Amino acid sequence: MQIYEELKARGLIAQVTDEEEIRELVNNGKATFYIGFDPTADSLHVGHFMALCLMKRLQMAGNKPIALLGGGTGMVGDPSGRSDLRQVMTVDTIQHNCDCFKKQMEHFIEFGEGKAKMINNADWLLKLNYIELMREVGSCFSVNNMLRAECYKQRMEKGLTFFEFNYMIMQAYDFYHMYQTDGCNMQFGGDDQWSNMLAGTELIRRKLGKDAYAMTITLLMNSEGKKMGKTANGAVWLDPAKTSPFDFYQYWRNIGDADVLKCIRMLTFLPLDEIDAMDHWEGSQLNRAKEILAMELTTLIHGTEEAQKAEEAAHGLFAGGASTEHMPTTVLGDAQFENGTIGALSLLVACGLCASNGEARRLVQQGGVTINDKKVEGVDAVYQRDDFAGEGVIVKKGKKIFHRAVTQ
RNA sequence: GGGAGAGUUCCAGAGCGGUCAAAUGGGGCAGACUGUAAAUCUGUUGUCUACGACUUCGGUGGUUCGAAUCCACCCUCUCCCA
């Protein structure tokens, strides 16, 4: 099976500008393609990971990848599909985030001579002169068309500033620029980027009279139509300091039945026939598929060793006989103890399991806290300092959240 | 530039002088059920030294015994006209 067919079979391809041409280019290793990453945070997330996987797959098929850091476009911020204005980032933040992205990307993709290339659009965008830019490309954009673009729909109701409106032009300019400097003839990106990407192929056609292509990756949505890779507390990050390997593993382990196979197909490198075999699994058997998904992904992101630790920890906790080894841990200092004891509520807050004393109180009253395998019966429960020595104390919030507290 | 309207707790959105820590829905958290799933049902959802106290309704000042609610100015946003 050739690469294009494989991508299609995995459900990764959302939209393409010219299927025949793209198939031809990609399958024969003739594409030089770029994917843009705007430095909106100090870590990559699952969406970026999908893009990086795509990059890797296409690279293995002989195509030349360019990872484009959005040091310039990040100065503006993409309004696509958003209902409100993005927080405008400071120059320092953008630089910091770019550095973080760069470091993480190097784990997944090999950069260097003859391999993948990494460039930053700050290198050309920041130098642009307003009047010159307008004279060069301004006449190639129809405001009427831009306003019709799907990505601005939501903003037409709440208002779109001229500042953000320009984002599309910046992104189009990137493609136009790299087409000339790097022979970049294709752009990939999330499906929400479709309008911006078309703006680029259109600009190249108008300015240079040449054809360039664009293809979007299906956005990872769950069966309820919500973007995956997000929790109530924010994204599922690739940086272990922001989302621990254990939490990362658990996110995928806890995925809904309806979404398991789709995720395995889109996110893992398992052979398709193996995945098709799982397609018949039903009911609680799907739990096995969830374990496979969680294990595969955690391995890809954090390495075999971390993945195994996460799996062991999960097995330990849910199959009884909790292993405290890989559990998130809080070290309690002297200040937290009063006369050698600490109250249950303070303990919950100290471990970061509750945001406030009141929340902890509620939780205990509702019977949601277990400490050292014993349900906490009252809000005035107290623990001795000695209890925390050695292995420490296991605090369990609800059914799935385990935390360990120790003394120094 | 002119005119109209809006800013309420995580979000949407009621409230229009005391009975407001603020209806309702969503989301979150917990309990029951279960397969570490989904659906469903129940409770809960500002803070605290907790049957009481304290701080919140864009900002600042004012009227009043009393303000999310009234007035003034300011800021932000939306809509209509140019």
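Every chain is numbered from 1, with letters handed out A, B, ... down the list of sequences. Please read all numbers here as calculations on a predicted model, not as lab measurements.
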For B/C10, which nucleotide is its Watson-Crick or G-U wobble mate, given both distances must be under 3.5 Å? B/G26
If you take atom types as modelled and just measure distance, does the side chain of A/Gln366 reach the base of B/G31 with a donor-acceptor pair under 3.5 Å? no
Protein-nucleotide distance (A/Lys397, atom NZ; B/G28, atom P), rounded to Å: 13 Å
For residues A/Tyr4 and A/Glu19, is any side-chain donor paired with an opposing acceptor at under 3.5 Å? yes
Roughly how far apart, to the nearest Å, are B/U69 and B/A6 at atom P? 14 Å
G-U wobble or Watson-Crick pairing nucleotide for B/A72 (cut-off 3.5 Å, both distances): B/U60
With a 4.0 Å cut-off on heavy atoms, is A/Ala258 in touch with a base, just the backbone sugar-phosphate, or nothing at all? nothing
Please pick, from B/G35, B/U36, B/C48, the nucleotide with the shortest atom-to-atom distance to any side-chain atom of A/Arg253. B/U36
How far does the C1' atom of B/A12 sit from the matching atom of B/A30, given to the nearest Å? 24 Å
B/U78 pairs with, by Watson-Crick or G-U criteria that keep both distances under 3.5 Å: B/A4
C1' gap between B/A39 and B/A50, integer Å: 37 Å
Ranking A/Lys226 and A/Tyr249 by the position along RNA chain B of their nearest nucleotide, the one closer to 5' is A/Lys226
In whole angstrom, what separates A/Leu286's CG from B/U36's P? 13 Å
A/Lys309/A/Glu312 salt bridge by N-O under 4.0 Å criterion: no
When both distances are under 3.5 Å in a Watson-Crick or G-U wobble arrangement, the nucleotide paired with B/A50 is none
Of the listed B/U36, B/A30, B/U47, the closest approach to the A/Phe318 side chain comes from B/U36
Re B/C20: Watson-Crick or G-U wobble partner, both distances kept under 3.5 Å, found to be none
When rounded to whole Å, the NZ to C1' distance for the pair A/Lys375 and B/A30 reads 10 Å
5'-most contact on RNA chain B: A/Gln250 or A/Gly368, nearest heavy atom basis? A/Gly368
Give a yes/no answer on whether the side chain of A/Ser356 brings an N or O atom under 4.0 Å of OP1 or OP2 in B/C48. yes
Apply side chain to side chain donor-acceptor pair (under 3.5 Å) to A/Asp247 and A/Ser244, showing your working. CA-CA 5 Å; A/Asp247 288 336; A/Ser244 71; 3.3 Å; yes
Rounding to the closest angstrom, what is the interatomic distance between B/G18 and B/G27 at atom C1'? 33 Å
Expressed as a whole number of angstroms, how long is the span from A/Tyr251:OH to B/A37:C1'? 13 Å
Answer with yes or no whether the side chains of A/Trp237 and A/Asp42 bring together a donor and an acceptor at under 3.5 Å. no
What about A/Arg362: does its side chain form a donor-acceptor pair under 3.5 Å with the base of B/A30? no
Sticking with atom P, work out how far B/C20 lies from B/A72, rounded to a whole angstrom. 28 Å
Within the structure, does a side-chain N or O atom of A/Lys399 lie under 4.0 Å from either OP1 or OP2 of B/A32? yes
Please list, chain by chain and in numerical order, all residues satisfying ring-ring contact (aromatic ring centres under 6.0 Å, His included) with A/Phe165, sequence neighbours excluded. A/Tyr152
Which nucleotide, if any, forms a Watson-Crick or G-U wobble pair with B/C41, using both distances under 3.5 Å? B/G31
Please confirm whether the shortest side-chain N or O distance from A/Asn222 to OP1 or OP2 of B/A38 is below 4.0 Å. no
Is the base of B/C51 syn or anti, if syn means a glycosidic angle within 90° of 0? syn
Nearest whole Å is fine: how far is B/A38 P from A/Asp259 CG? 10 Å
Ignoring the backbone of A/Asp257, work out which of B/U36, B/G35, B/C48 is nearest its side chain. B/G35
Considering only the C1' atoms, how many Å lie between B/G31 and B/C77, rounded to the nearest integer? 42 Å
So, does A/Lys400 get its side chain near the phosphate of B/A37, meaning an N or O under 4.0 Å from OP1 or OP2? yes
Using the test side chain to side chain donor-acceptor pair (under 3.5 Å), find all partners of A/Thr181 that sit at least two apart in sequence or belong to another chain. none
Mind checking the C1' distance from B/C80 to B/C65? Whole angstroms is fine. 44 Å
Using a 4.0 Å heavy-atom cut-off, does A/Gly358 contact any base of the nucleic acid, only the sugar-phosphate backbone, or nothing at all? base
Taken to the nearest 0.5 Å, the spacing of A/Tyr251 OH from A/Thr298 OG1 works out to 12.5 Å
Rounded to whole angstrom units, what separation is found between the NZ atom of A/Lys262 and the C1' atom of B/A37? 14 Å
Please give, in whole Å, the distance from B/A37 C1' to A/Ile255 CD1? 10 Å
Minimum heavy-atom separation for A/Ala9 to A/Arg265, with atom names? O-CD, 3.5 Å
Atom-pair distance (CZ on A/Arg361; C1' on B/G46), nearest Å: 15 Å
Expressed as a whole number of Å, how far does the C1' atom of B/C54 sit from that of B/U42? 31 Å
